[in-house]
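Let me begin by presenting the structure, written as structure tokens, before commenting on it.
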Amino acid sequence: QVQLGESGGGSVQSGGSLRLSCAASGYTFSSYCAGWFRQAPGKEREGVATIRSDGSITYAESVKGRFTISRDNAKNTLYLQMNSLKPEDTAIYYCAAAIRAYWEYYCPGSFTSYNYWGQGTQVTVSS
């Protein structure tokens, strides 16, 4: 079955960096869109970055220039390099995959369309 597992979260000071990893299994990782999402206390889940099977990438405006999403298809792993972290980046970060027939080159715009999720990893940025 499809499994996604995040790692790499932690606590850092403002301006610091973290690298999140998401190990995927149970499906052809290279064929489908994968993304990072986050949810802060009391707020709705929001998209951070997505990467399509052909490498096309989108970022939320709030993280552009600071975060970098990448994927290693040989290792079935998704990454999120987070630099210049701010207190407002504090949230639980989730990786997710959108796996449906004919979606091999499609990244949904809404997090509700992602049908497989990891358990999440906490990122805390202090000022």
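Not measured: the values here are computed from a predicted model. Along the sequence shown, residues are numbered consecutively beginning with 1.
A 4.5 Å side-chain heavy-atom check between Tyr114 and Pro108 finds at least one atom pair inside the cut-off. At a threshold of 4.5 Å between non-hydrogen side-chain atoms, the residues Arg66 and Lys64 do not count as touching. Between Tyr59 and Trp36 there is no side-chain heavy-atom pair separated by less than 4.5 Å. With contacts defined as side-chain heavy-atom distances shorter than 4.5 Å, the pair Trp103/Ser113 qualifies. Contact annotation: the side chain of Leu85 approaches that of Leu18 to within less than 4.5 Å [non-hydrogen atoms, C-beta and beyond]. Residues Arg19 and Met82 are not in side-chain contact: their nearest non-hydrogen atoms beyond the backbone lie 4.5 Å or more apart. Side-chain contact between Gln81 and Leu20 is absent, with no heavy-atom pair separated by less than 4.5 Å. Residues Leu78 and Phe29 form a side-chain contact, since some pair of their non-hydrogen atoms from C-beta on lies under 4.5 Å apart.
Each of Pro87, Ser84, Ser126 was checked for a side-chain contact (heavy atoms from CB on, under 4.5 Å) with Ser14, and the lone residue meeting it is Pro87. The side-chain contact (heavy atoms from CB on, under 4.5 Å) with Tyr94 is formed by just one residue from the set Gln119, Arg38, Glu6; it is Glu6.
Cluster membership check: Ile57 shares its hydrophobic cluster with Leu80, using side-chain heavy-atom separations under 4.5 Å among Ile, Leu, Val, Met, Phe, Trp and Tyr. Tyr32 and Phe111 fall into different hydrophobic clusters, where Ile, Leu, Val, Met, Phe, Trp and Tyr side chains are chained together by heavy-atom contacts under 4.5 Å. Using a 4.5 Å cut-off between side-chain heavy atoms of Ile, Leu, Val, Met, Phe, Trp and Tyr, with links allowed through other members, Val123 and Phe37 fall into different hydrophobic clusters.
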**Study point:** side-chain contact (heavy atoms from CB on, under 4.5 Å) evaluation trace for Tyr27 with Gln3
**Key:** CA-CA 9 Å; Tyr27 73 106; Gln3 290 188 321; over 6 Å; no
| side chain to side chain donor-acceptor pair (under 3.5 Å) evaluation trace for Thr124 with Thr90 | CA-CA 5 Å; Thr124 303; Thr90 296; 5.3 Å; no
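Across Ser21 and Thr77, no two heavy atoms sit closer than the pair CB-CG2, 4.3 Å. In terms of heavy-atom proximity, Ala98 sits nearest to Asn115 at CA-OD1, 3.6 Å. For the residue pair Leu4 and Tyr116, the shortest heavy atom distance occurs at CD1-O, 3.4 Å.
For the salt bridge (charged side-chain N to carboxylate O under 4.0 Å, His left out) condition, no pair includes a residue of residues 71-86, sequence neighbours left out.
The aromatic rings of Phe67 and Tyr93 are tilted relative to each other, their planes meeting at an angle between 30° and 60°.
Between Ser30 atom OG and Asn73 atom CG the span is 5.0 Å, to the nearest 0.5 Å. Note: Ile51 CD1 to Ser56 OG = 8.5 Å, rounded to the nearest 0.5 Å.
Here the side chain of Ser53 pairs no donor or acceptor atom with the backbone of Cys33 at under 3.5 angstrom.
For Tyr105, the OH atom counts as loosely surrounded, since its 6.0 Å shell holds 12 or fewer non-hydrogen atoms of other residues, nucleotides or ligands.
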